[in-house]
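Each remark here refers to the structure printed beneath this line.
Counting from 1, the numbers follow the sequence of the chain as shown.
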Amino acid sequence: MVLTPGPNMMYLVSRSIGQGRRAGLVSLAGTGVGFVVYLLMANLGLAVVFVAVPWLFIGLKSAGVAYLAHLAWQALRPGGRGVFEVSDLPKDSPARLFSMGLITNLLNPKAAIMYLTLIPQFIDADRGHRFAQGMTLGTLQITVSMIVNASIIVAAGSVAQLFTRSPTWALWQRRVTGSLLGGVAIVLAREVPARARV
C-alpha cells in the first residue's frame with residue numbers, strides 16, 4: 001500500500017523536486033506525525049464509532065473513492081501531470097512544509113481507510129492486549145512508510161530528470177499511476193455499501 005501513489009507521495013515528491021530534498025524530508029516529518037495521529041485515534045476506539053454510526057464510515061469511504069478517482073483522472077486525462085513531473089511551487093518555510101505534510105496526511109483517504117478499517121482486521125482478540133497489537137501493527141506501517149517515502153524523496157530529483165529527458169517514460173509513468181489509482185478507487189467503490197467490521 002505504501003508503494004501505491006497517493007496524495008502523500010505526490011506532495012512529498014513535488015516538494016522534493018521543487019524545493020530540494022531537505023524540504024521533502026521536512027514535509028515527510030509532518031506526514032509521519034499525521035500517521036501517529038491516525039494510529040492513536042484508531043487504537044483509542046475511533047474505529048468503534050464508525051461501526052456504531054455506519055453512515056459516517058460509508059461517507060468516509062465514499063469521499064476516499066471520489067478523491068482517488070479524481071487523482072486517477074488527473075493522471076490519465078489528456079495533458080495530465082504525473083507524480084514526478086516538475087511543476088513550479090512557491091518556496092515555503094520549514095514550519096509550513098511540516099504543517100502541509102501533516103494536513104495532507106490527515107486529509108489522505110488512503111491513510112484513514114488503512115487505520116480505521118484495514119489494520120483492525122489483523123488484531124487477534126485471542127492474543128489479548130488489543131491496544132498493544134494495534135500500536136505494534138501501526139508502528140510497523142509507519143516505519144515502512146517513512147523508509148519508502150524517504151527513499152522516494154531522495155530519488156525524486158533524478159527520476160524527474162529522467163522523465164524530463166524522456167517524454168515516453170513520463171507518459172508511461174502517468175498511465176501506470178492513473179491506472180493504479182483508478183483500480184484502487186474501483187475496488188473501494190465496490191466496498192462502500194459494506195458496514196465497518198472491527
Side-chain angles (χ1 to χ4, degrees), residues 1-19 23-24 27-28 30-31 34-35 38 50 54-90 92 96-97 99-119 141 144-145 148-149 151-153 155-196:
M1 286 191 69
V2 173
L3 289 171
T4 305
N8 286 348
M9 188 181 295
M10 291 180 182
Y11 174 72
L12 294 171
V13 167
S14 68
R15 280 302 175 192
S16 181
I17 293 171
Q19 200 169 333
S27 299
L28 177 60
T31 64
F35 280 132
Y38 272 122
F50 285 95
W55 62 265
L56 191 59
F57 177 74
I58 291 170
L60 175 68
K61 292 180 83 171
S62 299
V65 167
Y67 190 61
L68 289 172
H70 170 73
L71 293 175
W73 169 247
Q74 291 300 313
L76 292 174
R77 69 182 173 83
R81 299 185 66 86
V83 176
F84 291 98
E85 292 181 60
V86 179
S87 58
D88 292 327
L89 291 173
D92 286 321
R96 181 160 174 77
L97 291 169
S99 63
M100 288 302 297
L102 173 62
I103 292 168
T104 299
N105 198 19
L106 291 178
L107 298 178
N108 181 358
K110 189 172 86 168
I113 289 167
M114 179 178 59
Y115 278 99
L116 298 174
T117 63
L118 183 63
I119 287 180
Q141 185 279 326
V144 170
S145 179
V148 169
N149 282 303
S151 301
I152 290 170
I153 286 168
S158 301
V159 174
Q161 288 177 1
L162 170 66
F163 288 146
T164 300
R165 290 194 305 267
S166 176
T168 303
W169 277 102
L171 176 63
W172 278 103
Q173 179 269 327
R174 280 198 305 112
R175 288 178 178 170
V176 170
T177 299
S179 298
L180 286 172
L181 289 169
V184 172
I186 290 169
V187 169
L188 292 176
R190 294 175 59 190
E191 298 174 0
V192 164
R195 288 177 59 95

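- Taking each heavy atom of Ile152 and Met9 in turn, the nearest pair found is CD1-CE, 3.5 Å.
- The shortest heavy-atom contact between Gly34 and Asn105 is C-ND2, 3.5 Å.
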Q: Check the pair Ile153 / Leu28 against side-chain contact (heavy atoms from CB on, under 4.5 Å), numbers first and verdict last.
A: CA-CA 9 Å; Ile153 286 168; Leu28 177 60; 3.8 Å; yes
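- Note: Asn149 CG to Tyr11 OH = 13.0 Å, rounded to the nearest 0.5 Å.
- Applying the side chain to side chain contact (heavy atoms under 4.5 Å, CB included) rule to Leu106 yields the partners Val37, Tyr38, Leu102; only residues at least two apart in sequence or on another chain are considered.
- Shown here for Ala23 and Arg15, the closest heavy-atom pair between the two residues is CB-O, 4.1 Å.
- Closest approach of Leu12 and Gly24 over heavy atoms only: CD2-O, 3.7 Å.
- By the side-chain hydrogen bond (donor to acceptor under 3.5 Å, both in side chains) test, Thr104 pairs with no residue at all, sequence neighbours left out.
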